[in-house]
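Below is one structure, written out as structure tokens; comments come after it.
Scope of the values below: all heavy atoms of this structure, side chains included, with no hydrogens, waters or symmetry mates.
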Amino acid sequence: MSLEGNYSPDEIEKKWYSYWMEKDYFKSVPDDREAYTIVIPPPNVTGVLHMGHMLNNTIQDILIRKARLEGKNACWVPGTDHASIATEAKVVKMLREKGIKKSDISREEFLKFAFEWKDKYGGIILEQLQKLGASADWSRTRFTMEEKLSKAVIEVFCDLHKKGKIYRGLRMTNWDPEAQTVLSNEEVIHTEENSQLFHVRYQIVDSDEYVTIATTRPETILGDSAVAVNPKDERYKHLHGKKVIVPIANRAVPIIADRYVEMEFGTGALKVTPAHDMNDYDIGQRHDLETIDVFNANGTMSEAAGFYIGKDRFEVRKLIVKDLKASGNLVEIENYRNKVGRSERTNAVVESRLTLQWFMSMKENSKEAYDAVNNGEVKFFPEHFQNMYNNWVKEENVRDWCISRQLWWGQRIPAYYIGDDIIVAPTPEEALQQAKEVTGNNDLTASDLRQDEDVLDTWFSSWLWPMSVFDGFESQEELAYYYPTNVLVTGWDIIFLWVARMIMAGYEYSEQLLGAEFVEKNGKFPFADVYFTGMVRDSKRRKMSKSLGNSPEALELIERYGADGVRFGMLSSGAAGNDIIFDAPHDEKTKKTLSESAKCQQGLQFCNKMWNGLKMLRGLEITTEKQSDEIENINQLAMKWIEEKYEETLAQIERQYETYRLSDSLMTLYNFIWNDFFSEYLELIKPAYAKKADGENKQLPLSQAAYDHAIDMYEKFMTILHPFMPFVTEEIWHQLRERKAGEDCIVSTYPKAKAYDKELIKKVDAAIAVISKVRSYRSERGIKSHLPLKLFIKNTEGAQVLLAEDGLKEAIAKRATIGEFTVTDSKDIPDTVSFVIGTEQFFLELPAATIDKVAELKKAKAELARLTGMEKGSLSKLGNERYVNNAPPQVVAGEKKKLADTQAKIEIAKEVIRKLG
RNA sequence: GGGCGAUUAGCUCAGUUGGUUCAGAGCACCUCGUUUACACCGAGGGGGUCGGGAGUUCGAAUCUCUCAUCGCCCA
């Protein structure tokens, strides 16, 4: 690969990814090393890569790559989720396009189509993750509905049933009329929507009087069984026990008194529809009311409604309003905002419906899950998600988990019915055997048993993921090595759907599978840490989604900026746990979000910067001859300093990793590489140009020692940066020097942080400040950067200490273009301006015409005022006994030092003013 | 209705148990520079009463209370 031109990621990324795959670097098999394990949050099998995946998987990849570099046995298990509702919906749609109706084919035929579909489109998202650089062990790719994992799900169902934790019952449930299945509470998204509140009057039986109720759902009037008022409500006391006529339906229903009714809401009278509202159902139970289900499964009006039969519920809302108006029973329509529950998957408005379903009791498991997080066995990052978690999982709030779904795509519930008996068994054969025992009839055959038609909730398979991907339910060999996993990286939106339930499964099964001794030693939890990523949002803070069209195309971003650039962009967009605002611009004309990003661009520019730095180093002439003392001194200082800076950076990054502050780590590293390594270090060692005898301007050579050192440093931070930007680092790693087989950045050694020399760093910081000050004067006065200037430093103890550092003086001279740099005892040097760095005073000689005495005086006076204020503050603090006695000694000592420094600076400022004025 | 979180520079955000110059970073912006790695660059610069108010403290961006605005979770 030539080093010409700018860095172009495309080819390089392809090359290294296939190289890593060939070398099997992502593969993990149990050995005697420490394991570092992450299981992927399995994306939907038919999904395509979106911004959320990129963020999430970038973070997982960083953690895995770092662990690998640290010599751990890093194992990242990829896979996909069968996503029953979403996938079934897609397959149904695909079949419809082929002219096939789901109702016309058998379960077996449907599943055949579904598996064909899955085989065709199922792997796409995983291939896309590879483009991002994900170093998952692809040989371990799992699927929640594959045979082994399904077997585990069925076993778990039977086991929990045996333990009495799974039961079947008739409950008010959430019904998705589009998918035509029941949903768990967690799959219903409640949002505020604009709607209307209809005031409808019901006539009192045998009276001219009416009672007016307010409802957002007039179409359910046909299912009314009562009108309820608050018992304390004076307005309606005279109506208790009377009856009213339900409009349209023309049925008489009782007026009942129930404390649930809020007197202030609407008219204070509530229509009660036990079949279609959770609260109404409860009222119905209390008052023994009739339950009239007026909807069919698909959300159209049922026979029981008696009117509008077969029409959709929202169409009926309009019709019924019209009819109510015509009969004079519509009193008022009020605009209103109310919470509407929609299906997470189909976005259909969810109906409450009384259905017979399978549930899992949450009582015991939720308590364990609560304790796990609250006693610190499982740690959340950021911590505050613990509050949200506790709120859901605590005993008084948690509700039983509805686990059956009226779908075909999923694990079929292993429950078999014969007469009134329910047999739960892992296989039909075992079910038959049990049925014979239960009924006492030995002549039963398989056809006498009817298996439950429903499948299990997708999450009922994903909650086992950290165990089932290691085949933990059939053999414990791998599980014992990889379990518990180290960290789970996921979005906070599935904290209840998934995270809480995996914790429950961990506590339910780890001991059962691995034994008491194992869990005693290693813990029952499925993961030690949970890193919650934020949601990726657009500039209006809306969640990025396909339907809104507000998301850039993930793959286009990778094409444009390279995976490294995109990883950089994702990471620098926001801190852990916070939602991240992704800065993709908007095309005003087409209203579309462009697949562009300034932050990803910055990432690509960073790659380019490193690329060009390498180019420069490689282009230098190298010599083994001894250089001038001046050059040797500068090089020595630069080398010493960058090593200390490197150690400082490393220590900082390590601290940030511990709390998963990965964006901070990347920025720390970015600053080190760009500012310290390139802008300071490399500029310090870079040889100057000199006129040769023939008049040609030629760059001097660089000493071999300095070159080798630069390459060493470069190599070191390639390893540190590798987890964040794997491709560019691997490429540069190989460009830095000839490599033997297997000597690759991805498997290089991550260094351990060491102590570093803070004093040296401070001294060089001061030197950099001097250089910056000189340049600032040049910039203000329009003095060319290559015109040498004279610089003086006042001879003090501090100055001696500073200049005792070999090379420091020369370094300042080189970087600030100082012709003469002299230590002076004089207080007054003509044609100079004076400035203070730290506590040292410097005088910079400038062309007389460029010195503005008035401005200098003004500056000096302002400085004096600032310093005097600071002195006053320090004096009052130190004069305060309570401060001196209460504040920690090092703080007081610091304050004393600050005062002394301030006072020294005040003297200098006064001196400067005296001279000028 | 119950709960959680946020409010710091034009934008996106840090600020680690209250304490050394703590008011920061990146981007954006302004000025200058086409010097020989990189204009996807270099040098320099401007910019915030830390949402308002009160309190605790020797000391508050940080702790407490309160108000305001915004976001989220669960009913």
Side-chain angles (χ1 to χ4, degrees), chain A residues 3 5-7 185-186 190 262 278-279 339 382 384-392 394 396-399 492-493 495-496 535 537 539 541 561 565 572-575 577-583 598-599 601-620 655-656 658-659 661 663-664 666-668 670-671 674 678-679 682-683 686-689 697-699 771-780 782 784-786 815-817 838 866 870 873-874 876-888 890-899 901-902:
Chain A
L3 286 171
N6 285 335
Y7 180 74
N185 296 320
E186 290 68 36
H190 297 272
E262 276 177 60
M278 298 266 181
N279 294 311
K339 284 264 173 118
H384 72 255
F385 281 109
Q386 197 174 325
N387 293 321
M388 200 163 119
Y389 175 86
N390 286 346
N391 216 1
W392 182 83
K394 69 184 173 192
E396 59 267 37
N397 286 349
V398 75
R399 292 185 296 167
W492 55 258
D493 55 335
I495 183 169
F496 308 135
M535 299 295 107
R537 296 179 187 278
S539 55
R541 293 183 180 269
Y561 305 108
S572 60
S573 292
N578 289 354
D579 285 1
I580 74 170
I581 311 297
F582 197 80
D583 62 338
K599 290 205 161 111
Q601 175 71 26
Q602 197 187 343
L604 177 58
Q605 282 169 212
F606 184 35
C607 293
N608 195 47
K609 181 76 184 177
M610 293 188 285
W611 182 253
N612 278 298
L614 173 71
K615 208 156 74 176
M616 190 270 277
L617 265 175
R618 292 269 300 262
L620 292 174
R655 279 198 301 277
Q656 290 155 341
E658 277 163 22
T659 44
R661 305 176 65 101
S663 355
D664 290 354
L666 178 57
M667 282 324 283
T668 302
Y670 176 81
N671 285 327
W674 201 303
F678 287 123
S679 297
L682 221 45
E683 291 298 332
K686 191 164 104 182
Y689 281 77
N697 229 2
K698 194 167 179 305
Q699 192 173 22
I771 294 162
S772 177
K773 201 77 193 173
V774 172
R775 286 173 181 168
S776 167
Y777 272 108
R778 285 183 195 272
S779 176
E780 273 171 33
K784 294 277 182 210
S785 58
H786 52 263
R815 301 282 288 127
T817 325
R866 191 181 71 91
M870 241 161 88
S874 286
S876 84
K877 263 192 187 177
L878 291 166
N880 185 332
E881 264 184 52
R882 298 174 73 179
Y883 169 77
V884 178
N885 295 335
N886 292 331
Q890 70 271 27
V891 173
V892 178
E895 195 60 40
K896 281 183 181 158
K897 168 105 168 46
K898 187 175 139 193
L899 178 63
D901 289 355
T902 307

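The partner of B/U57 cannot be assigned: no Watson-Crick or G-U wobble pair with both contacts below 3.5 Å exists in any strand. If you check B/C41 for Watson-Crick or wobble pairing at under 3.5 angstrom, you find it paired to B/G33. The nucleotide B/U49 finds no pairing partner, because no Watson-Crick or G-U wobble arrangement with both distances shorter than 3.5 Å includes it. Of all nucleotides present, only B/G26 satisfies the Watson-Crick or G-U wobble test against B/C11, with each distance under 3.5 Å. Using N1 to N3 plus N6-O4 or O6-N4 for Watson-Crick, or N1-O2 and O6-N3 for G-U wobble, each under 3.5 Å, B/C72 pairs with B/G3.
Across the interface with RNA chain B, nearest-nucleotide mapping of A/S679 and A/Y7 shows A/Y7 to be the residue nearer the 5′ end. Remark on RNA chain B: of its neighbouring residues A/N279 and A/L617, the 5'-side contact belongs to A/L617, judged by nearest-heavy-atom nucleotide.
A side-chain donor-acceptor contact under 3.5 Å links A/T668 to the backbone of A/D664. The closest donor-acceptor contact from the side chain of A/K615 to the backbone of A/G5 lies under 3.5 Å. With hydrogens and angles ignored, the 3.5 Å screen pairs no side-chain donor or acceptor of A/R775 with any backbone N or O of A/S785. A side-chain donor-acceptor contact under 3.5 Å links A/S679 to the backbone of A/W674. Listed for the A/R778 side chain is a donor-acceptor partner under 3.5 Å among the backbone atoms of A/A816. Between the side chain of A/N608 and the main chain of A/Y7, a donor-acceptor pair closer than 3.5 Å is present.
Residue A/Q602 is in sugar-phosphate contact alone, with no base atom involved, counting any heavy-atom pair closer than 4.0 Å across all strands shown. Nucleic acid contact class of A/G619 (heavy atoms, under 4.0 Å, all strands): none. Across all strands shown, A/N608 has heavy atoms under 4.0 Å from base atoms, whether or not it also approaches the sugar-phosphate. Within the nucleic acid shown, A/R399 comes within 4.0 Å of sugar-phosphate atoms alone, with no base atom in reach, counting heavy atoms only. Among the atoms of the strands shown, only primed sugar atoms or phosphate atoms (P, OP1, OP2) are found under 4.0 Å from some heavy atom of A/F496. Residue contacts for A/K339: at a heavy-atom cut-off of 4.0 Å it reaches a base atom on one of the strands shown. As judged by a 4.0 angstrom heavy-atom cut-off over every strand, A/E683 is placed among the base-contacting residues. Counting non-hydrogen atoms under 4.0 angstrom, A/N391 reaches a base of the nucleic acid. The residue A/A598 sits apart from the nucleic acid: no heavy atom pair falls under 4.0 Å.
Nucleotides B/G46 and B/G52 have their P atoms positioned 24 Å apart, rounded to a whole Å. B/C70 and B/U8 have their P atoms separated by 15 Å, with the value rounded to a whole Å. B/A61 sits 12 Å from B/G51 when the C1' atoms are compared, rounded to a whole Å. Comparing the P positions of B/U7 and B/U64 gives a spacing of 14 Å, expressed to the nearest Å. Comparing the C1' positions of B/A23 and B/G59 gives a spacing of 16 Å, expressed to the nearest Å. B/A54 and B/C29 are spaced 39 Å apart, taking the P atom of each and rounding to whole Å. B/A9 and B/G48 are spaced 5 Å apart, taking the C1' atom of each and rounding to whole Å. When the P atom is used for both B/A43 and B/U34, the distance is 16 Å, rounded to whole Å.
Distances shown here put every side-chain N or O of A/S785 at or beyond 4.0 Å from the OP1 or OP2 atom of B/G33. Checking the phosphate oxygens (OP1, OP2) of B/A37, a side-chain nitrogen or oxygen of A/K686 falls inside 4.0 Å. Between B/A37 and A/W674, no contact under 4.0 Å exists linking OP1 or OP2 to a side-chain N or O. Within the structure, every side-chain polar atom (N or O) of A/K615 is placed at least 4.0 Å from both OP1 and OP2 of B/U36. Note on A/R775: every side-chain N or O is 4.0 Å or more away from OP1 and OP2 of B/G42. For B/C41, the OP1/OP2 oxygens have a side-chain nitrogen or oxygen of A/Q605 closer than 4.0 Å. OP1 and OP2 of B/G2 both lie 4.0 Å or more from every side-chain N or O belonging to A/N397.
Here the CD-OH distance, from A/Q605 to A/Y561, works out to 10.0 Å after rounding to the nearest 0.5 Å.
At whole-Å resolution of the value, CG in A/L682 and P in B/C38 are 13 Å apart. With rounding to whole Å, A/E396 atom CD is found 12 Å from B/G3 atom C1'. Rounded to whole angstrom, the span from the CD atom of A/Q601 across to the C1' atom of B/G26 amounts to 15 Å. Per the geometry, OH belonging to A/Y777 stands 17 Å off C1' belonging to B/A43, to the nearest Å. For A/H190 and B/C72, the NE2 to P distance is 15 Å, given to the nearest whole Å. With rounding to whole Å, A/D664 atom CG is found 11 Å from B/G26 atom C1'. Rounded to whole Å, atom C1' of B/G24 lies 12 Å from atom CG of A/N671. Summarising the geometry, the separation between CG on A/L666 and P on B/C27 is reported as 12 Å, rounded to the nearest angstrom.
Between the side chain of A/K609 and the base of B/C38, a donor-acceptor pair under 3.5 Å is found. Interface remark: the A/Q656 side chain does not form any donor-acceptor pair with the B/A14 base, using a distance-only criterion of under 3.5 Å.
The 12-atom threshold is exceeded at NZ of A/K394, counting heavy atoms of other residues, nucleotides or ligands nearer than 6.0 Å.
Classification of the A/F606-A/Y670 ring pair by plane angle, with boundaries at 30° and 60°, yields perpendicular.
For A/Y670, counting side-chain heavy atoms from C-beta on, the closest listed nucleotide (B/C74, B/U36, B/G26) is B/G26. With B/A25, B/A75, B/U12 as the choices, the nucleotide that has an atom nearest any side-chain atom of A/K599 turns out to be B/U12. The side chain of A/Y689 sits closest to B/A37 out of B/A37, B/G26, B/A75. Closest approach to the A/S776 side chain among B/G26, B/G45, B/C73 is made by B/G45 (side chain taken as heavy atoms from C-beta onward).
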